[in-house]
Amino acid sequence: MNLSSFALYITSLLWLNLTDAKIGYFWHITDLHYDPFHNSPEFHRGCRHNRGSSDHSHRNGRHRDHTCDSSWPLIQSAASFMHERHPETLEFVLWTGDILSSSMEHLSDEIKLEAVRNVTYVLSTTFSSQFVFPALGHNDPPPSRKLVEMWRQWLPTEALQTFEIGGYYTIEQSHSKLRIIVLNSVLWAGGAARTDGPNVGRAQWEWLNQVLSTARKKSEMVYIVAHAGPGVEDRHNAGSSSASGGGELSPSANARLLHIIRSFSDVIAGQFYGHRHSDTFRLIYNEGHPVSWALLAPSLTPRGAGSVTNPGLRLYKFEINTGKVLDYTQYYLDVTNPKGEIHWSIEYNLTQYYGLREINAASLHALAEKIRSHHDRSVFNKYLTALRVRHSTDTSDCDASCAHVHYCAVTRADYSEFRSCVRNPASALASRAAQNTTAIILYAILIFMSS
Ligand SMILES: *[C@@H]1O[C@H](CO)[C@@H](O)[C@H](O)[C@H]1NC(C)=O
Ligand SMILES: *[C@@H]1O[C@H](CO)[C@@H](O)[C@H](O)[C@H]1NC(C)=O
Ligand SMILES: *[C@@H]1O[C@H](CO)[C@@H](O)[C@H](O)[C@H]1NC(C)=O
């Protein structure tokens, strides 16, 4: 070893020591869409897309039919897989809503709460020494005393106070500078999804601003966690942005949340959302520069929004003190696998899959630009395969104009910017997509039916 490499060696030892980057893990699970009637005479309730077809209940084994929401055995298999995979430094679990199948919508509050209680029980036995942080989706019961009782085991008193009123809360961790902010996106959703008066939604804005300002003063880093995040649905063609009241943020809420994210991008170490039943990401720009990112985890239910997908579970690797996200491993269950048994496996690891050196707004922006490439579809094909959780690896059904819509969805979280990106006259391909009204109407109907 010569002198300069020795100096480098010493420096790196010191650096490691000083930064003391403790590595931890957390699960992100979302959109379980538990259907208690999956295997009962009322079976068809949860399987709207195939009503009338008699063979679907047997096609892929009854507990993982991809035209239906999650059966109890599917939820149990996910739980036991996560239990088995338990890393030693599992810090917490993010659970971003839509616990219940939308087929339960018209059932009584009692039965809904009983279903939520059953899922809560499974998670509490799976993660007996970790905290699970739940966020509410538009298919879940609204905040109540009963939910507070159920989730008291995971949430501290201060968190329960705001949760009971508005379904939102913040978690301050004693051993790190990472704060978790869990939002109730239902309060900001347009149309039918809204369950509370506008006052509660207004209070959540004030609260969010105040929590973020305090975090900045205390030099904390923050994770923003919610069921639905900002940005549009990938499969919208020309963006009827509110997706018929299916839990999407209203246009004004979307704009306001983007504004807050831009203003506090220096304290936001990550955003984690579910809701779309697809594996994707969103970038937020400030004056043309990428300043923040959101990673969206795929659903546990195999039933997608207007499509089908494989059930997914995601394990993040991060620096405990700073919240810096280092990687994640995406797991999936192949529902088309004809062997009747349940077999969870690794789908991919984020950094390796896309060849990223780091996960930050700049690297994800560079990835989005590769997804856009018209000369080389290989990165886009990888993206689309992941988006569908490998339910299909054939990407030929998504032509260049379809690929352009995906690119716009990733990079234009603002609804009107998304629409103009899709219609961008500089791209002949994009205008072709906009002309195809058949496809747009079909998409709209599918999205409407699945919400
Ligand atoms: C909840 O679990 C209990 C006990 O296993 C079961 O009897 C009941 O049917 C379940 N209810 C729902 C809605 O999942
Ligand atoms: C992904 O990462 C996990 C955990 O670090 C590792 O065990 C696994 O081998 C990796 N898989 C792939 C496909 O790279
Ligand atoms: C429009 O989209 C539909 C459905 O995807 C397709 O069948 C049809 O061929 C498309 N038409 C044109 C003109 O691209």
Side-chain angles (χ1 to χ4, degrees), residues 21-28 32-43 45-47 62-63 68-91 95 98-126 134 139-141 144 146-147 149-151 279 295 297-298 300-301 310 312-320 324-334 343-359 382-383 385-386 389-390 393:
K22 267 199 294 171
I23 307 293
Y25 294 84
F26 65 89
W27 285 103
H28 181 188
L32 272 58
H33 286 284
Y34 167 44
D35 180 4
F37 304 102
H38 191 284
N39 191 28
S40 77
E42 291 163 288
F43 180 59
R45 285 201 215 197
C47 304
R62 59 186 162 77
H63 45 263
C68 301
D69 269 332
S70 302
S71 64
W72 190 245
L74 175 60
I75 288 171
Q76 282 177 315
S77 94
S80 62
F81 175 75
M82 289 189 287
H83 189 69
E84 212 176 277
R85 266 308 138 118
H86 226 313
E88 229 164 73
T89 48
L90 184 70
E91 294 289 305
W95 179 24
D98 275 9
I99 302 162
L100 305 181
S101 170
S102 50
S103 64
M104 293 185 73
E105 213 164 50
H106 304 294
L107 300 182
S108 71
D109 283 351
E110 270 100 73
I111 187 103
K112 287 187 197 169
L113 285 166
E114 183 185 310
V116 171
R117 189 173 295 113
N118 284 3
V119 178
T120 297
Y121 177 74
V122 165
L123 293 180
S124 68
T125 51
T126 304
N139 287 135
D140 300 322
S144 67
K146 285 185 173 142
L147 276 184
E149 293 308 324
M150 251 183 251
W151 293 342
D279 173 344
L295 293 172
L300 180 68
T301 181
N310 279 315
L313 294 169
R314 182 175 286 185
L315 183 64
Y316 276 93
K317 180 178 176 185
F318 75 119
E319 267 177 31
I320 292 173
K324 185 177 169 44
V325 170
L326 301 173
D327 207 354
Y328 67 68
T329 302
Q330 181 63 46
Y331 296 96
Y332 79 119
L333 177 72
D334 185 0
H343 181 70
W344 287 90
S345 43
I346 293 185
E347 186 190 352
Y348 70 91
N349 290 337
L350 180 63
T351 53
Q352 188 211 25
Y353 190 62
Y354 291 119
L356 305 179
R357 301 178 68 173
E358 252 193 290
I359 297 166
K382 279 187 154 196
Y383 169 76
T385 302
V389 198
R390 258 201 230 177
T393 48

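Side chains are part of it too, since the values below use all heavy atoms of this structure and drop only hydrogens, waters and symmetry mates. Predicted model, so just to flag it, every value in this text is computed and none were measured. Each ligand, and each atom within it, is numbered from 1 in the order the structure gives.
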min-distance protein heavy atom vs atom 4 (C) of ligand 2 -> Thr329 OG1, 4.1 Å
When you check the gap from the basic side-chain N to the acidic O, do Glu105 and Lys112 get nearer than 4.0 Å? no
Looking only at protein heavy atoms, what sits closest to atom 9 (O) of ligand 2 is Ile346 CD1, 4.5 Å
Report yes or no: does Asn139 contribute a side-chain atom to a donor-acceptor pair with the main-chain N or O of Ser101 at less than 3.5 Å?
no
among protein heavy atoms, the one nearest atom 3 (C) of ligand 1 is Asn118 ND2, 3.7 Å
Before accepting this row, confirm whether a basic side-chain N of the pair Arg314/Asp279 lies closer than 4.0 Å to the acidic partner's carboxylate O.
yes
shortest atom 8 (C) of ligand 1-to-protein heavy-atom contact is with Glu114 OE2, 3.4 Å
Quick look: Tyr34 vs ligand 1, heavy-atom contacts under 4.0 Å, and the answer is side chain
ask   = Going by the angle between their ring planes, with limits at 30° and 60°, are Trp344 and Phe81 parallel, tilted or perpendicular?
value = parallel
- Cation-pi check, Lys382 onto Tyr353 ring (under 6.0 Å, within 45° of axis): yes
min-distance protein heavy atom vs atom 14 (O) of ligand 2 -> Gln352 OE1, 2.8 Å
| field | Sub-4.0 Å protein heavy atom next to atom 11 (N) of ligand 1 | value | yes
Checking heavy atoms under 4.0 Å, the part of Asp327 that sits near ligand 2 is neither
Side-chain donor-acceptor pairs of residues 116-124 under 3.5 Å, sequence neighbours excluded:
residue, atom, partner, partner atom, Å
Thr120, OG1, Val116, O, 2.8
Thr120, OG1, Trp151, NE1, 3.0
Ser124, OG, Thr120, O, 3.3
Ser124, OG, Tyr121, O, 3.0

In terms of its nearest heavy atom to atom 6 (C) of ligand 2, the top option of Leu326, Leu350, Leu315, Asn349 is Asn349
Any side-chain to backbone donor/acceptor pair from Asp327 onto Lys317? Under 3.5 Å, distance only. no
